[in-house]
Participant: 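The structure's right below; bear with me while I get my questions together.
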Amino acid sequence: MLLALVTVSGCLGLLWLRQKIETTAQATRSLETAIVKEERRLRYLDTKIAEIHQPGFLNRQVDRLDLPLRPPKAEQVVYLEAIPERPAAEDLVAGTEKEAEDRAPYRRTFDLAVMESFVPRD
């Protein structure tokens, strides 16, 4: 009787252990899939960043947006008199709630632009 009890408890323990191993394996596979997707997204962002920094792309953007930009000339030198002083911290705080509300849409717009990059592309 004791031998049967030990055998049954050993079989149940082995079954529980195999189930835990399978659960861990599934979690590992899902994490590996998420890592692959994230690496793919990072590679995509790296290529987009590299594309944006190309001079040809910048020239096309200037032409498309009809911006008054031109390449610098060799003899063009710009001298700065001095670095302007930064305003005090008290001056940077919004004076009224209206000013704070005026800036809020830009903050939300920026947040939405950043969040767009977190949307999966697949």
Participant: With side-chain contact (heavy atoms from CB on, under 4.5 Å) as the test, would you mind laying out the steps for Lys37 and Thr33 before giving the verdict?
Facilitator: CA-CA 6 Å; Lys37 286 182 181 179; Thr33 304; 4.1 Å; yes
Participant: Enter the distance from Thr47:OG1 to Arg43:CZ here, rounded to the nearest 0.5 Å.
Facilitator: 9.5 Å
Participant: Using 0.5 Å steps for rounding, measure from the CZ atom of Arg41 to the CD atom of Glu38.
Facilitator: 4.0 Å
Participant: Taking atom types as modelled, is there a side-chain donor on Arg64 or Gln61 under 3.5 Å from an acceptor on the other?
Facilitator: yes
Participant: Among the clusters formed by ILVMFWY side chains lying less than 4.5 Å apart, do Leu65 and Leu69 turn up in the same one?
Facilitator: yes
Participant: Minimum heavy-atom separation for Ser30 to Ala27, with atom names?
Facilitator: OG-O, 2.8 Å
Participant: Under a 3.5 Å distance rule, please check whether Glu39 uses its side chain to pair with a backbone N or O of Val36 as donor and acceptor.
Facilitator: no
Participant: Assess whether a salt bridge exists between Arg29 and Glu32, defined as any Lys/Arg side-chain N lying under 4.0 Å from an Asp/Glu carboxylate O.
Facilitator: no
Participant: Taking all non-hydrogen atoms of both residues into account, name the closest pair between Leu58 and Ile52 and its distance.
Facilitator: CD2-O, 3.5 Å
Participant: Which distance, rounded to the nearest 0.5 Å, do you find between the CG of Asp63 and the CZ of Arg60?
Facilitator: 9.5 Å
Participant: I need the Trp16 CH2 to Ile21 CD1 distance, nearest 0.5 Å.
Facilitator: 9.5 Å
Participant: Quick check for you: to the nearest 0.5 Å, what is the distance between Gln19 atom CD and Leu17 atom CG?
Facilitator: 10.5 Å
